Amino acid sequence: MSNFGGMQNEIYNAGLQGILPDYPVDFATLEHRAHEALGPMLTNYVAGGCGDEHTQDTNASAFHHWGMVPRMMVDCSTRDLSIDLFGMKLPTPLFMAPIGLNGEATQDRHGDLAAARASAMTGVPFCVSTLSNDPMEQVFDACGDTPAFFQLYTPRNRELAESLIKRAEASGAKAIVVTLDTWLTGWRPRDLNASNFPQLRGKVMQNYFSDPVFRSMLDKPPEEDPKAAIMLFAAIFGQVLTWDDMAWFKSVTDLPIVLKGICHPDDARRAVDSGADAVYCSNHGGRQANGGIATIDLLEDVVKASGDKPVLFDSGVRSGTDAVKALALGATAVGVGRPYTYGLAIGGAAGAAWVLRCMLAEADLLMAVNGYPTLADVRSAGAKRTA
């Protein structure tokens with residue numbers, strides 16, 4: 001069992017030598033510094049959401065109306081935050097959610113590799129995005145011994161979709177996470193006002209540009225005619241998926257299939273019935289559709305409908321406390337999104353690893369103080385709606 005909470009002693013002890021943390025431990029300061037580092041255009045894309053961003057904001061604020069009741073006289077001198085997922089024993093319940101512009105977040109524009117190194121440094125699994133500035137093979141390799149997953153934006157060309165899946169499989173991916181809610185892009189005013197869609201400018205395209213099937217569809221390789229490659233990407237991005245497509249996904253890989261974007265219990269039941277190995281409760285961080293309900297408020301019903309299948313969760317997670325609340329409501333594993341990308345922006349791999357360690361430390365200490373030595377105790381206690 002890891003003593004994640006011991007991080008605070010490291011910080012306090014360093015302070016006795018006059019050494020202050022290089023990076024902030026709270027989200028508000030982290031966000032402010034990251035926006036300065038990213039600049040206006042990247043901040044618009046990474047921090048922005050759909051419409052007036054009400055759903056995005058509510059995703060985060062809704063955690064405040066869930067609370068946990070502490071229990072006393074419990075020996076919590078050691079805590080166990082490990083989970084079982086896809087036959088693996090993982091040391092933490094966190095994972096790094098897929099972020100499609102990680103590659104641009106670091107000064108060297110290799111943020112995907114930096115995120116992978118942060119995963120290797122912390123033991124927090126990374127979900128590698130289809131949208132990347134580096135080929136997935138290099139990104140998976142940079143994860144070291146820490147397991148990683150692959151997030152798939154399913155293209156309209158099945159041969160290309162299968163090629164991406166097979167490449168992830170060969171690279172050591174432990175699951176394929178199929179995003180369901182992004183066959184087209186939601187209305188994002190920040191990007192529209194700036195007339196900026198990064199992919200159309202050739203950013204985070206390396207998984208396509210390096211793919212043999214994609215390259216075979218071009219008259220000239222992307223290095224010689226990037227505009228044609230970008231236009232091909234735009235033409236084939238975003239297959240509309242239905243439940244009938246699950247049979248195809250199951251036929252092309254033996255890896256666990258995770259369906260990302262499930263918010264309704266009926267969809268969770270249908271996912272399980274169609275062969276999904278896990279359900280991923282998410283509204284894409286409020287980036288794809290406005291006017292929705294905070295995902296944390298939908299989680300309990302999705303968990304109940306998913307039976308014994310694991311439920312992954314993200315959207316609005318800003319702290320270790322948020323993560324514990326999601327676990328209390330039944331999530332098997334909790335995805336961290338914008339916070340670690342902000343860490344990449346201010347400190348590369350070290351910055352992202354710092355953010356993840358801070359969240360784990362906060363979660364660990366919360367469990368200790370509240371009298372929950374294990375995640376089973378957290379789930380048994382549950383969380384209560386306070387408003």
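Predicted model, so just to flag it, every value in this text is computed and none were measured.
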Problem set entry | side chain to side chain contact (heavy atoms under 4.5 Å, CB included) between Leu81 and Arg79, worked out | CA-CA 6 Å; Leu81 276 70; Arg79 280 83 58 198; 3.9 Å; yes
Exercise. Below 4.5 Å, heavy atoms only, C-beta onward: do Leu131 and Tyr153 meet side chain to side chain?
Worked result: yes
Problem set entry | Ser315 and His284: side chain donor to acceptor below 3.5 Å | no
Exercise. Do Asn44 and Asn196 have a side chain donor and acceptor closer than 3.5 Å?
Worked result: no
Exercise. Hey, is Asp181 close enough to Lys260 for a salt bridge, meaning N to O under 4.0 Å?
Worked result: no
For this session: Give a yes or no answer on whether the side chain of Asn13 reaches the backbone of Asn9 with a donor-acceptor pair at less than 3.5 Å.
Result: yes
Exercise. Can Asp297 and His65 be counted as having a side-chain donor-acceptor contact under 3.5 angstrom?
Worked result: yes
Exercise. Does a sphere of radius 6.0 Å around NZ in Lys220 hold more than 12 heavy atoms from other residues, nucleotides or ligands, not counting ones at 6.0 Å or beyond?
Worked result: no
For this session: Take Val279 and Leu259, measure what side chain to side chain contact (heavy atoms under 4.5 Å, CB included) needs, and give me the verdict at the end.
Result: CA-CA 5 Å; Val279 169; Leu259 295 185; over 6 Å; no
Exercise. So, are Arg158 and Asp245 salt-bridged, with charged N and O less than 4.0 Å apart?
Worked result: yes
Problem set entry | From CD (Glu137) to CD (Gln206), nearest 0.5 Å | 11.0 Å
Problem set entry | same_hphob_cluster(Met121, Ile11) at 4.5 Å side-chain heavy-atom cutoff | no
Exercise. Does any non-hydrogen side-chain atom of Glu104 lie less than 4.5 Å from one of Leu38?
Worked result: no
Exercise. Which of these passes side chain to side chain contact (heavy atoms under 4.5 Å, CB included) with Tyr280: Val177, Val311, Leu180?
Worked result: Val177
Seminar exercise, completed: For Ser306 and Ala268 the tightest heavy-atom approach is OG-CB, 3.6 Å
Exercise. Mind checking whether Asp266 and Arg269 have side chains closer than 4.5 Å, heavy atoms only?
Worked result: yes
For this session: Could you tell me the separation between the OG atom of Ser274 and the CG atom of Asp244, rounded to the nearest 0.5 Å?
Result: 10.0 Å
For this session: Identify whether Val46 and Trp187 are in the same connected component of the hydrophobic contact network (ILVMFWY, side-chain heavy atoms under 4.5 Å).
Result: no
Exercise. Would you call Leu30 and Val355 a side-chain contact if the rule is heavy atoms closer than 4.5 Å?
Worked result: yes
Exercise. Just wondering, do Asn283 and Cys263 contact through their side chains at under 4.5 Å, heavy atoms?
Worked result: yes
Problem set entry | Rounded distance (nearest 0.5 Å) linking atom NZ of Lys309 with atom CG of Asp277 | 5.5 Å
For this session: Measure the shortest side-chain to side-chain distance between Met217 and Asn157 over non-hydrogen atoms and say whether it is less than 4.5 angstrom.
Result: yes
Problem set entry | Minimum-distance pair of heavy atoms, taken over all atoms of Val303 and Ala331 | CG2-N, 4.2 Å
For this session: Look up atom CE in Met367 and atom OH in Tyr372, then write down how far apart they are to the nearest 0.5 Å.
Result: 10.0 Å
For this session: Taking Ser82 for its side chain and Pro91 for its backbone only, find out whether a donor-acceptor pair lies under 3.5 Å.
Result: no
Problem set entry | Test log, rule salt bridge (charged side-chain N to carboxylate O under 4.0 Å, His left out), inputs Asp26 and Arg318 | CA-CA 9 Å; Asp26 66 291; Arg318 301 290 183 262; over 6 Å; no
For this session: Begin with the C-alpha distance, continue with both residues' side-chain angles, and end with the deciding distance and a verdict on salt bridge (charged side-chain N to carboxylate O under 4.0 Å, His left out) for Lys325 and Asp322.
Result: CA-CA 5 Å; Lys325 289 179 181 179; Asp322 291 346; 5.2 Å; no
Exercise. Does Ser129 reach the main-chain N or O of Gln151 with its side chain, forming a donor-acceptor pair under 3.5 Å?
Worked result: no
Exercise. Using 4.0 Å as the upper bound for N to carboxylate O, is an ion pair formed by Glu36 and Arg33?
Worked result: no
Exercise. So, is the end of the Arg287 side chain (NZ or CZ) under 6.0 Å from the ring centre of Tyr45 and within 45° of the ring's axis?
Worked result: yes
For this session: For the pair His35 and Tyr342, name the ring-plane relationship: parallel under 30°, tilted 30 to 60°, perpendicular over 60°.
Result: perpendicular
For this session: Evaluate the salt bridge (charged side-chain N to carboxylate O under 4.0 Å, His left out) criterion for residues Glu300 and Arg385: first the C-alpha distance (whole Å), next the side-chain angles of each, then the deciding distance (0.1 Å), finally the verdict.
Result: CA-CA 11 Å; Glu300 269 193 306; Arg385 183 75 181 247; over 6 Å; no
For this session: Return yes if some donor-acceptor pair links the side-chain N/O of Gln288 with the main-chain N/O of Gly186 below 3.5 Å, else return no.
Result: yes
Exercise. Between the side chain of Thr55 and the main-chain N/O of Gly291, is any donor-acceptor distance below 3.5 Å?
Worked result: yes
Exercise. Mind checking whether Val272 and Leu241 sit in one hydrophobic cluster, side chains of I, L, V, M, F, W, Y counted as touching below 4.5 Å?
Worked result: yes
Seminar exercise, completed: Nearest heavy-atom approach of Ala118 to Ala353 is CB-N, 3.7 Å
For this session: Measure across Leu218 and Leu232 and return the closest heavy-atom pair with its distance rounded to 0.1 Å.
Result: CD2-CD2, 3.5 Å
Exercise. Where do Ile230 and Gln199 land on the side chain to side chain contact (heavy atoms under 4.5 Å, CB included) test, with the steps shown first?
Worked result: CA-CA 8 Å; Ile230 292 167; Gln199 291 89 313; over 6 Å; no
Exercise. With a 4.5 Å heavy-atom cut-off, do Tyr340 and Ile99 have their side chains touching?
Worked result: yes
Exercise. Can a salt bridge be assigned to the pair Asp141 and Arg117 using a cut-off of 4.0 Å between side-chain N and carboxylate O?
Worked result: no
Exercise. Ion pair present between Glu53 and Arg190, side-chain N to carboxylate O less than 4.0 angstrom?
Worked result: yes
Problem set entry | ILVMFWY cluster, Leu160 and Trp183 together (side-chain gap under 4.5 Å) | no
Exercise. Taking the side chain from Glu362 and the backbone from Ala323, do they hold a donor-acceptor pair closer than 3.5 Å?
Worked result: no
Problem set entry | pair Leu375-Asp80: side-chain heavy atoms closer than 4.5 Å | no
For this session: Run the salt-bridge test on Arg167 and Glu162 with the 4.0 Å N-O cut-off and return the result as yes or no.
Result: no
Exercise. Is Leu298 reachable from Ile296 through a run of hydrophobic residues whose side-chain heavy atoms are each under 4.5 Å from the next?
Worked result: no
For this session: Hey, could you give me the CG/OG1 distance between Leu152 and Thr130, rounded to the nearest 0.5 Å?
Result: 5.0 Å
Problem set entry | N/O donor-acceptor pair under 3.5 Å between Thr182 side chain and Leu184 backbone | no
Exercise. So, for Ser163 and Val213, which heavy atoms are closest and what is the spacing to 0.1 Å?
Worked result: CB-CG2, 3.7 Å
Exercise. Can you find a side-chain donor-acceptor pair between Ser132 and Asp134 that sits under 3.5 Å?
Worked result: no
Exercise. Between CG of Leu90 and OG1 of Thr92, what distance do you get to the nearest 0.5 Å?
Worked result: 7.0 Å
Exercise. Distance-only, no hydrogens or angles: does the Asp112 side chain make a donor-acceptor pair with backbone N or O of Asn133 under 3.5 Å?
Worked result: yes
Exercise. Are Phe95 and Phe126 close enough that their ring centers fall under 6.0 Å?
Worked result: no
Exercise. Is the side chain of Asn207 donor-acceptor paired with the backbone N or O of Pro135 at a distance under 3.5 Å, no angle test?
Worked result: no
For this session: For the pair Ser171 (side chain) and Ala173 (backbone), establish whether a donor and an acceptor sit closer than 3.5 Å, ignoring hydrogens and angles.
Result: no
Exercise. How about Asp254: does its CG atom have over 12 heavy atoms from other parts shown lying under 6.0 Å from it?
Worked result: no
